[in-house]
Amino acid sequence: MKKSLFLIFVSVLLVVSGFSQVAGIPREETLIGDVINGRATAPSNFNVFTVTWRTSDRGVQQLMLEPLWMMEPVRGEVINSLAAVGPIYNEDFTQMTIKLRKGCYWSDDVEINADDIVYGIETTMKYQGMAYYDQFNMYIDKVYKTDDYTVVIELKEPNSRFHANFIDRWGAWRPFPKHIFEKVEDPLSFDFNPPISSGPYVLKDYDAGGYWTLWEKREDWDRTPTGMLFGEPKPKYVLYYYYGDETNKIIAQANHNLDMVASLSLEGFKALTQRNPYSRGYRKEYPWVFNGDPNIQGFTFNTDVYPYNIKDVRWALTLAFDIVDYIGMAYDGVATMGTLHLPPTPYYQKVYYEPMEEWLKNFTLDIEVNGEPFKPYDPDAPLRLAEYGRSRGYDVPDDPEKIGESFGSGWWKYAPDVAEQLLKRNGFTRDKKGKWLLPDGTPWKINYLVGEDPTAANVAAAQQWRNFGIEVVTITSEISTDLVSLGKFELTPSNAMQEPWGGHPDLSRSFSSLHSKYYKPIGEYAVVLNGPATGRWTDPRIDEIVEEMEKLDWNDPRNTELGMEGLKILIEEMPTIPVVGRPQMAAWDEYYWTNYPGAENPYMIISEDWPNFKYVLPFLEPTGKK
C-alpha cells in the first residue's frame, strides 16, 4: 500500500511540477513535447550511433541530428537533408554516390563534409556494436571521397536500394562528427556528452533522473538543413518531457504544460478536449484522428497451420467480418478503413487506392451468387461508417470526398452467406446450434493470440467471428511478439503488411521480406515482425515481383506497376486481412503555439516523436500569451 501511495505521489508531482522543474526558461518561448518511449535510463549518454537504445525520441532525432535524407509521409516526398540531391547509382547499382549540401555546420562551428561521412561509415564497419555494422559490412566494398562534398560507396554486389540505410524514417544511419569521435578511444562506450549537433537545436540541460531533456535553438540555425529548407524554427527552447501514463499527460496539457502529445486513446482525447478548450486534434471535428501514419493494421494468419493454409477459409473469415460494426466497437467509428495491404493515408490513396479502385470493383471470387461471379468489394462501406457516426450524435459531413478522406475508399462486403458457401465447399459443417465444425466433425476453435492486455480492437475482432458461429479463444501473452515471430500462433492482430516507406511509391520495403528465400519454418524467427512473412506465406509470383524490383531504380515508374501487381496477388490470396490505418489520436494545445500541421493545413507529419519534427518548428506561430 505504501508503495502504491508513493507511486501516486510521484505521478502527481510530475504533473504539477512539470515545466517548473526547468528554471529560468520563459514558457512562452518554449514548446513542450511528449516522450513516448519512456524515461531515459542513461540520460547522460547521447551516443545514439550504437545498437544500444538511447531514447532518441527525447529530442535527439527530432532536433539534434540531420540525416542524409528524410522520408516525409504527408508531403509524399523524400527530403534532401544533409544530402543535396538524391542517391546517384551507376548503371548496374554497384556504386552509390552521395552529394552533400554545402554550407552545413556542426554546432561547434566545424563544417560538415565528406570526411565525416567516410569516417563515420568506416567506423561503423570497424566496431560491431555500431548501428548498421551488419548492413555495411555485408554490402560495402570501400568508401571514399572525390571532393569535400562527394562520397562514393562501392558495393560488393548490385543493390538498388542501398540508400535505404540512410533514409530517416524513425531510424537510419545518421552522420556523426569525425573531429569529435576520432579523438576517443572507444566510440561504443563514448557518451557523446555534450553532444555536437547537426540539427537546429543544441542541448541546454537534462534531468539526471531521465524525465526531461531541454534543447535551445542554435544561433546559427541557418547553417543547418532545417534552416536552409524551411527557415527559422520559432520556439527558442524545446522541452521533451516524460509524464508517464495517459492521465498525467491529460492533466499536463490541460494545465498548459504539454503542447504536443502524439498518441492518446479516444477516451483520453475526449476527456482532454472537454477540460481544455485550447486542445484540438488533427481534425478539429469528428473523427479528429490522424490517418497519415504509414501503418496498415489487421490480422495475420499462420498459413502453415490448418485450416488457414486454405484461401477459401481466409476469405470466409474476411467476409464474415462487419467492418463498420468492428470500427464502431473498437474505435467509436474513428478510423480509416483500408482494403489494400497498404495504409490508407492520403498519399497512398492518391498513388494506389484511386488507380486500383476500378480493379477492386470488378474483382471476383471463385464462387457464384445468384448465378453471377461474386464481387466482394464494397465502395459504400465508408458511407455506412459515416452513418454510424451520425447515429452516435457526431456531426459528419455529407460530401463523399470528405467521407472518403476520413473513413477510407471502401472495404469488403459483410457477406456471411458467401462465407458459409466458401466453407461448406471445403467440407466444413454446422452443428445443430449453428456452430462451425471442421471437416473431421470436431468444433472449429480459433486460437487468437494477442498481447498481455487485450485491447478494444482485439475484443471487437473476436466478436465478429463469434457472431459467425466460430469459437474464438483469446490467448493473452506477454511474449506474444516472440511467439508470432516464431510462428507459434494461428491468428494474431498485427500490421497486415510490413510498413512501406510512407512518402514514396516504391513498395520494395514491404514486399522484399515476402520472398521465399526468407521463409522460416515454424520454430525459427521470421525476418520481420509483421505481415505475411510472420504467417509463413510465400508465392512464386511475389518472388518474381521482388526480383524485378531489385533490378530497378526505386524511382522507375515500373515500380508502381509492380506494386499494384503485388497488391492484387495479396488480395486474391488474403494471407492477412488489412483492416484500418493506424488511428493516431494526437492532441495539441494552442494556448502558446498555433499553426500545427492539422488536416486543414497538412504540411508535415504531425508527431513530435518523428525525426521530421524539426521541419515543423519553422511553421509554428507564438500566440503571445504569457
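Numbers here are sequence positions counted from 1. Just so it is clear, the model here is predicted, and its values are computed rather than measured.
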As an exercise, state the distance from [atom1] of [X] to [atom2] of [Y], rounded to the nearest 0.5 Å.
X	Y	atom1	atom2	value
Leu486	Lys520	CG	NZ	12.0 Å
Leu319	Phe468	CG	CZ	8.5 Å
Ile250	Phe269	CD1	CZ	10.5 Å
Leu507	Leu340	CG	CG	10.0 Å
Glu544	Asp539	CD	CG	9.0 Å
Thr300	Asn495	OG1	CG	8.0 Å

When you measure from the side chain of [X] to the backbone N and O of [Y], does any donor-acceptor pair fall under 3.5 Å?
X	Y	result
Tyr347	Glu72	no
Ser160	Asp553	no
Gln349	Gly408	no
Asp57	Asp609	no
Thr318	Arg314	yes
Glu478	Glu452	no
Trp465	Leu317	yes
Asn426	Val313	no
His341	Thr576	yes
Thr273	Lys270	yes

For [X], run the side-chain contact (heavy atoms from CB on, under 4.5 Å) check against [options] and tell me which one passes.
X	options	answer
Trp315	Ile571, Ile577, Ile310	Ile571
Gln421	Leu365, Asp312, Ile367	Ile367
Asn291	Pro583, Pro346, Pro344	Pro346
Thr481	Leu529, Asn530, Thr534	Leu529

For a quick test of reading the model, state the closest non-hydrogen atom pair linking [X] to [Y] and the distance between them.
X	Y	value
Tyr388	Ser391	O-OG, 2.5 Å
Tyr331	Leu266	O-CD2, 3.3 Å
Asp168	Trp170	OD1-N, 3.6 Å
Pro443	Leu438	O-CD1, 4.2 Å
Arg283	Val289	NH1-O, 2.6 Å
Phe489	Gly535	CZ-CA, 4.1 Å

Practice task
Kindly indicate, with the supporting measurements, whether the criterion side chain to side chain contact (heavy atoms under 4.5 Å, CB included) is fulfilled by Leu272 and Glu246.
Solution key: CA-CA 10 Å; Leu272 173 59; Glu246 183 178 75; over 6 Å; no
Practice task
List for me each residue that meets ring-ring contact (aromatic ring centres under 6.0 Å, His included) alongside Phe166, sequence neighbours excluded, and say none if there are none.
Solution key: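 Phe166 satisfies ring-ring contact (aromatic ring centres under 6.0 Å, His included) with Phe136, Phe162, Trp173 only.
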Exercise for the section: Decide yes or no on side chain to side chain contact (heavy atoms under 4.5 Å, CB included) for Phe511 and Met497, but give the supporting numbers first. Expected result: CA-CA 8 Å; Phe511 279 104; Met497 189 72 167; 3.7 Å; yes
Side-chain touch [X]/[Y], heavy atoms, less than 4.5 angstrom:
X	Y	result
Phe428	Pro439	yes
Leu483	Ser477	yes
Phe407	Val324	no
Tyr348	Ile296	no

Would you say that more than 12 heavy atoms from the other residues, nucleotides or ligands in this model lie under 6.0 Å from the [atom1] of [X], or not?
X	atom1	result
Asn370	CG	no
Asp395	CG	no
Lys402	NZ	no
Asp366	CG	no

Handout entry: Residue pair Asp482 / Ser485, side-chain donor-acceptor N/O under 3.5 Å
Key =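 Note: Asp482 and Ser485 side chains miss the donor-acceptor criterion.
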Practice task
Say whether Tyr286 and Asp332, considering side chains only, have a donor N or O and an acceptor N or O under 3.5 Å apart.
Solution key: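 Looking only at side-chain atoms, Asp332 and Tyr286 do not form any donor-acceptor pair under 3.5 Å.
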Practice task
Take Arg509 and Arg161 through the side chain to side chain contact (heavy atoms under 4.5 Å, CB included) test and state the conclusion after the steps.
Solution key: CA-CA 9 Å; Arg509 191 175 192 270; Arg161 302 297 190 279; over 6 Å; no
Angle between ring planes, [X] versus [Y], binned at 30° and 60°: parallel, tilted or perpendicular?
X	Y	answer
Tyr518	His515	perpendicular
Phe301	Tyr308	parallel
Tyr282	Phe290	perpendicular

Output yes when [X] and [Y] qualify as a salt bridge under the 4.0 Å nitrogen-oxygen rule, no when they do not.
X	Y	result
Glu420	Arg430	yes
Arg582	Glu499	no
Asp556	Arg558	no

Exercise for the section: For Glu490, check salt bridge (charged side-chain N to carboxylate O under 4.0 Å, His left out) against everything at least two apart and list the hits. Expected result: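 Partners of Glu490 by the salt bridge (charged side-chain N to carboxylate O under 4.0 Å, His left out) criterion come out as none, since no residue qualifies.
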Problem - Proximity of Phe93 and Trp554 rings by center, below 6.0 Å - result: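 Not close enough - the centres of the two rings lie 6.0 Å or further apart.
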Exercise for the section: Assert yes or no for the condition that the ring centre distance of Trp411 to Phe321 is strictly below 6.0 Å. Expected result: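 Under 6.0 Å, so yes.
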Exercise for the section: Give the intermediate values and the outcome of side chain to side chain donor-acceptor pair (under 3.5 Å) for residues Tyr394 and Glu285. Expected result: CA-CA 9 Å; Tyr394 298 121; Glu285 307 294 340; over 6 Å; no
Handout entry: side chain to side chain contact (heavy atoms under 4.5 Å, CB included) evaluation trace for Met564 with Met356
Key = CA-CA 8 Å; Met564 291 183 186; Met356 293 184 66; 3.9 Å; yes
Practice task
Test the Arg384-Tyr326 pair against the cation-pi criterion, namely NZ or CZ under 6.0 angstrom from the six-membered ring centroid and within 45° of the ring axis.
Solution key: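 The answer is no; the distance or angle limit is not met.
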Exercise for the section: Could you walk me through whether Lys568 and Glu565 pass the salt bridge (Lys or Arg N to Asp or Glu O under 4.0 Å) test, one step at a time? Expected result: CA-CA 5 Å; Lys568 291 175 182 178; Glu565 290 177 21; over 6 Å; no
